Structure formats: structure tokens, C-alpha cells
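Since the model is a prediction, treat every value here as computed from it, not as a measurement.
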Amino acid sequence: MKTDIGEYIVGGYLKVIKQCDFVDYNVRMPGGGLKGLSELDVVGLDFKTKTAYLCEVTTHIRGLLYGNNQTTVEKIKQKHEVQKEYAELLLTVVEQFSLQ
């Protein structure tokens with residue numbers, strides 16, 4: 001998937017303002033299959049403070065809605081669950097990161 005301008009802005013913020021040591025875009029869950037279809041838009045790691053930033057970025061010109069309010073809430077919950085799963089799976093391998 002292509003990185004969009006909103007993701008680059010968030011990545012720039014993590015690099016310049018938060019001074020993350022590592023920033024990556026469109027990070028997919030390991031293992032392939034259906035889980036491999038989920039992605040995190042921007043991941044920033046600050047090794048100095050042991051902080052991980054898992055970012056969902058939405059750049060919608062006409063608002064955030066994915067159809068209607070209920071669909072939007074469910075979509076955001078689903079994306080948050082992917083972030084939590086990614087953190088539990090991969091960030092516990094690294095010295096205890098705090099999540100932002």
C-alpha cells in the first residue's frame with residue numbers, strides 16, 4: 001500500500017518532535033494470511049525512553065466517517081485491536097516499551 005501524505009506528516013512529527021530512533025510506514029502483521037492484511041500506518045520507536053508509537057492515520061477530506069457512525073466506531077475498534085495485538089506480539093520482545 002502506498003504511504004499517503006498524512007502518514008508522512010505523522011512520521012515526520014515522530015522523527016523531529018518526538019525524536020524517534022526508528023519510524024516505519026504501512027507495517028504489516030507477521031505471518032501472512034488474514035492477519036498479514038492488517039497494517040499499522042506509522043510505527044515509531046524511541047529507544048531512549050523505551051516508547052512505542054503505534055499510529056492509525058486517516059486523511060479524509062470530507063470527514064472521518066466510514067459510511068455511518070456505527071461502522072466508523074467498529075472500524076476504529078478493529079484497528080485498535082490490531083495495534084494491541086502487534087504490541088503484544090512484537091514489542092514484548094524488545095525491552096519493555098510503553099505504548100503511546
Side-chain angles (χ1 to χ4, degrees):
M1 171 156 269
K2 283 177 48 174
T3 303
D4 71 25
I5 188 67
E7 293 167 349
Y8 283 125
I9 291 169
V10 171
Y13 170 81
L14 292 176
K15 288 178 186 177
V16 175
I17 304 300
K18 291 296 187 177
Q19 299 183 345
C20 285
D21 300 296
F22 174 83
V23 175
D24 199 7
Y25 303 90
N26 302 312
V27 177
R28 297 213 178 262
M29 293 287 285
L34 290 177
K35 286 187 185 284
L37 294 176
S38 298
E39 69 173 19
L40 284 78
D41 293 329
V42 184
V43 173
L45 301 177
D46 182 338
F47 297 123
K48 296 172 292 306
T49 63
K50 297 180 184 170
T51 303
Y53 298 90
L54 308 179
C55 306
E56 173 61 30
V57 180
T58 305
T59 310
H60 292 214
I61 294 171
R62 296 184 180 170
L64 176 63
L65 288 181
Y66 292 99
N68 59 45
N69 285 338
Q70 185 59 35
T71 303
T72 301
V73 168
E74 292 305 317
K75 184 79 167 174
I76 292 171
K77 283 182 184 178
Q78 176 189 8
K79 289 176 179 281
H80 183 65
E81 289 301 317
V82 170
Q83 291 173 330
K84 287 186 343 187
E85 185 176 351
Y86 178 89
E88 290 168 359
L89 181 65
L90 296 172
L91 295 179
T92 56
V93 173
V94 184
E95 282 187 48
Q96 299 296 314
F97 273 84
S98 67
L99 301 177
Q100 301 292 316

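- Residue N68 comes nearest to T71 through the heavy atom pair OD1-N, 2.7 Å, listed as atom of the first residue, atom of the second, then distance.
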side-chain contact (heavy atoms from CB on, under 4.5 Å), that's the test. Do Y53 and V42 meet it? Break it down for me.
CA-CA 8 Å; Y53 298 90; V42 184; over 6 Å; no

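- How far CG of L54 is from NZ of K79: 13.5 Å, rounded to the nearest 0.5 Å.
- For the residue pair L45 and A52, the shortest heavy atom distance occurs at CD2-CB, 3.7 Å.
- Distance check: D24 CG to L14 CG gives 11.5 Å after rounding to the nearest 0.5 Å.
- Put simply, CG on D21 and CD on Q19 are 9.0 Å apart, with the number rounded to the nearest 0.5 Å.
- Interatomic distance, CD1 of I76 versus CD of E56, reported as 8.0 Å (0.5 Å rounding).
- Within the 4.5 Å cutoff, the side chain of V23 has no heavy atoms near those of the V43 side chain.
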Is there a side chain to side chain donor-acceptor pair (under 3.5 Å) between Q70 and E74? Walk through the geometry before answering.
CA-CA 6 Å; Q70 185 59 35; E74 292 305 317; 3.0 Å; yes

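- For the residue pair L40 and Q83, the shortest heavy atom distance occurs at CD2-CG, 4.1 Å.
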Checking side-chain contact (heavy atoms from CB on, under 4.5 Å) for the pair D4/E7: CA distance, chi angles, key distance, verdict?
CA-CA 5 Å; D4 71 25; E7 293 167 349; 3.4 Å; yes

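- At a threshold of 4.5 Å between side-chain heavy atoms, the hydrophobic network of Ile, Leu, Val, Met, Phe, Trp and Tyr places F47 and V27 in one connected group.
- Residue K18 comes nearest to D46 through the heavy atom pair O-OD2, 3.5 Å, listed as atom of the first residue, atom of the second, then distance.
- Both Y8 and V10 are assigned to one and the same hydrophobic cluster, defined by single-linkage of ILVMFWY side chains at heavy-atom distances under 4.5 Å.
- To the nearest 0.5 angstrom, E39 atom CD is 13.5 Å from Y25 atom OH.
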